[in-house]
Number of protein chains: 2
Amino acid sequence: MRESFEIRDIDAGGRIGELTVPRAGTTVETPALLPVINPNLDTISPRRLADEFGAEILITNSYIIHGDDDLRERAREQGLHDLLDFPGAIMTDSGSFQLSEYGSIDVTTEEILAFQREIGSDIATPVDIPTPPDVSYDRAASDLETTQDRLEIAEGADTGEMLVSAPVQGSTHPDLRERAGHHAEETDLDVFPVGAVVPLMNDYRYDDMIDVVAAAKRGLGADAPVHLFGAGHPMMFALAVAAGCDLFDSAAYALYARDDRYLTVRGTRHLADLDYFPCSCAVCTDRSPSELRALPDDERESELAAHNLHVTFAEIRRIKQAIRAGNLLELVEQRARSHPAMLDGYRTLLDHAAQLERSDPVSKGSFFYTSHESARRPEVLRHHRRLDRLSVPDSLLLTVDRSAPDAGYDDAWRVQPPFGPFPRALSKTYPLTAETPERTDRAALEAAADGVARLVETNPDAGVTLAHRDWPADVLARIPDGVALVDLADEA
Amino acid sequence: MRESFEIRDIDAGGRIGELTVPRAGTTVETPALLPVINPNLDTISPRRLADEFGAEILITNSYIIHGDDDLRERAREQGLHDLLDFPGAIMTDSGSFQLSEYGSIDVTTEEILAFQREIGSDIATPVDIPTPPDVSYDRAASDLETTQDRLEIAEGADTGEMLVSAPVQGSTHPDLRERAGHHAEETDLDVFPVGAVVPLMNDYRYDDMIDVVAAAKRGLGADAPVHLFGAGHPMMFALAVAAGCDLFDSAAYALYARDDRYLTVRGTRHLADLDYFPCSCAVCTDRSPSELRALPDDERESELAAHNLHVTFAEIRRIKQAIRAGNLLELVEQRARSHPAMLDGYRTLLDHAAQLERSDPVSKGSFFYTSHESARRPEVLRHHRRLDRLSVPDSLLLTVDRSAPDAGYDDAWRVQPPFGPFPRALSKTYPLTAETPERTDRAALEAAADGVARLVETNPDAGVTLAHRDWPADVLARIPDGVALVDLADEA
């Protein structure tokens, strides 16, 4: 068990955790959002972030502070917490972003770590190399070596109680991301940012983002706290949490506000395009869009930033509540409908259902089947695997409902889309207590047929009859040849 | 054009409208929520509903006022607006609900309409017969005759400037609902409640609810303001608006609060089950669930009712904004994932795609394909119909991408799932500018194949080649025999 991170609750790949931050003398509950504070610009003050929005942690950039004579001296004298007037934990970035933007920076990992410690940072960052997406394998591998050297320097540095992050790079090459994750996990560093995903998010490549995260997670293992670096749009938090991310940072709330852009969990809107505020926060109930547009620039920016934070923190709470209630994937199902690219992201997440299944709890509240994608959830996969361990009588009726005559069989099991067959003894257990639509769909029928096929293939000597109701021919084509078929619709 | 209702914006079956309420000297923008005020109990005062939540209209029960000596006298003396202290429009119910619950009431339609007028109601209701779901056709038809008699009595009554509603009944028999709608439309009454749907909603029968609404709408015609009587849960507003409902009334906000139940657009939660508030409203940002649980009963009830109203009014604003932006069905896509029964409701709504298509605007912002259900949206249907009017050259290549060699053809048209084929000239027009996922699905391919089939069947003499990429056999089975097939995946 990792000392500084304890996992309290799990749902799919998502978890509620507690990150102990010894230097701040505090713990941070995850999933957590770290608002980004630009030390030169104060859209919403750190004190207000704590008091009004409940922020337990924020992030600022030590490189910017280091490069400004006045800020640097004040940070050295007062310490970051007094400088910013923030009572929670403070994480600092290192200048890696500036490195990736401008090609070089004027500090080393040793120097910036020492500076971060000096000014009282609670979680420091070495200077890693944020390799962009789609570069050649060789370049990504070579950059990664440099990053790994920097992590080893960080490991050897005298950082006291300060936590240190170990960024995971590797561009869009999953095996490099996995290797990077594994290397980072082997260091004694504490927090694991998945780096350089911002270009993917800017291009709506949520599918590639999920592949990158899933690969990093395979390397890191289950108990590492994972930070999705630069991810601040609430539309994708649920998806990213379900993939196993714990920490997010948002500059978006302030940057977007400066641009009159308004965040929602369904995407970004421009204030000029809004006739009504689709939100229940205090900003959106106190004023109409036209009233907000009429405010002076600075006041409008501050109000928009406050809205952006309200919707962002509410989504974090919604996600935590969903994890606690065991319906995180139901929330992801909804967020997946925000944009076709989010649907791609969810479909990609389900490619990793076996990876999610490893951590997913055996029992939760109630499985809701709410789309064709639900047929690919980890719970369906787990049920299919469980079929291998069930003992099957010589003569077995599998039936979609109780109306099928079952005389002459050793036993009769129900078949429920999307899960497939199960013996009566399991009928009250998760996920077979699922709520499913009256109007089923082919994805659910196909998954059920695959369950039947798996049971039959594991038990080739059993005599199996499947009583279905009006299943289409291409679904029935998935059932092995030896199975006798009865269509209950014909019998009626 | 109906005098008292003007439609400003349309998306699918949903619209933003303006209901003129002459007696209140005001207009009400729809979709609108009418909070239900129990004249004996004041969870949130009508004044606060107007000032803090922006309620333009509320509903109260004239039968309860009529039956209480004290209330009746005060209502007669002061008038409803002063009695309740509400500056907007006031609609009154008639006792029909009490009739359905207790079997009889002690007023007639004439009496209660006169009383409603006397106490200053702005929109009155006759005593209709709320026939429950699933009763025999004969009973529903006989009840409906009584309701229709009452509407005719109401039509003949002296109601002055007061608007009068014409409830549409007919149980779960669509042809009766349609006939009832048609009859109501023929009266000179003003507002059209679809009645007795509460039992359907209580049983999560959103599919049957949509069939009932769609039938009533067919009878009523496009320009009638429709009230979904007794519908107060924000989870289903978007679906109901997309089906063509304009007015909702909510007693839920107060009744649920009394029971420690917390409304969300994803369903109802019990306060005891919440560890985090999944909401951005002032109630949910000021306190944690445990802090709210610790409040005295009356204060807790009032805070919960305020939350319930915030989330309810925010959803109404979100729906209006979606109509304005032309993405109402994208919102319905998301709400359909709240519960399998909501998915049934959405799938049922798409059964009525042809009915929705009649009012759906020709052009909107951008079509988002976000689920298998998207393939059945009215825009896809409309495109298929439009294919019949396109002129087709003798030799035509239909291709899923530009990589197909097009030499030797008179023309080459793109094929885009879910729409199917279209000539270059249409490529910048709605909905062919759609955003679709990278990972397409069979529903989209099937719809595209159906488009190809429709084009070919309308133009049997054209020589058509379809260049697809890896389309599965059962999708290709939908393409007529005469079409030459090229698989671009083989060519590469």
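When reading the values below, keep in mind they use all heavy atoms of this one structure, side chains included, and skip hydrogens, waters and symmetry mates. Note on naming: letters A, B, ... go to the chains in the order of the sequence lines (proteins, then strands), and numbering restarts at 1 for each one.
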Max heavy-atom pair count under 4.5 Å with chain A, selected residue of [options]:
options                        : result
B:D286, B:T348, B:N327, B:T264 : B:T348
B:T436, B:T312, B:L331, B:D273 : B:L331
B:S371, B:A282, B:G345, B:S366 : B:S371

Legend entry - Contacting moiety of B:S338, where chain A heavy atoms sit under 4.5 Å: both

Inset, instruction - Check whether B:T440 gets within reach of chain A through its side chain, its backbone, both or neither, counting any heavy atom under 4.5 Å. - result: backbone

Legend entry - Passing candidate, side chain to side chain donor-acceptor pair (under 3.5 Å) with A:Y276, options B:E29, B:K320, B:Q321, B:R318: B:E29

Inset, instruction - Begin with the C-alpha distance, continue with both residues' side-chain angles, and end with the deciding distance and a verdict on side chain to side chain contact (heavy atoms under 4.5 Å, CB included) for B:T285 and A:H310. - result: CA-CA 8 Å; B:T285 46; A:H310 276 306; 3.6 Å; yes

With a 4.5 angstrom heavy-atom cut-off, could you sort out which part of [X] is near chain B: side chain, backbone, both or neither?
X      : answer
A:D351 : side chain
A:I16  : side chain
A:R439 : both
A:D275 : both

Which atom pair, heavy atoms only, marks the closest approach of [X] to [Y]?
X      : Y      : value
B:D474 : A:D474 : OD2-OD2, 3.2 Å
B:P437 : A:P340 : N-CB, 3.6 Å
A:S280 : B:C279 : OG-SG, 3.7 Å

With chain B, which of [options] has the greatest number of heavy-atom pairs at distances under 4.5 Å?
options                        : result
A:R442, A:H307, A:E315, A:R269 : A:R442
A:E373, A:E438, A:H372         : A:H372
A:M342, A:H339, A:E333, A:E330 : A:H339

Inset, instruction - Determine whether the side chains of A:E435 and B:Y204 contain a donor N or O and an acceptor N or O closer than 3.5 Å. - result: no

Legend entry - Separation between CG of A:L343 and OH of B:Y369, rounded to the nearest 0.5 Å: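 One gets 8.5 Å once the value is rounded to the nearest 0.5 Å.
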
Legend entry - Expected output: side-chain B:R337 to main-chain A:Q334 donor-acceptor under 3.5 Å: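 Absent.
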
Inset, instruction - Look at the side chain of A:R324 and the backbone N and O of B:L274, then say whether any donor-acceptor pair between them is shorter than 3.5 Å. - result: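 Checking the backbone N and O of B:L274 against the side chain of A:R324, no donor-acceptor pair under 3.5 Å is found.
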
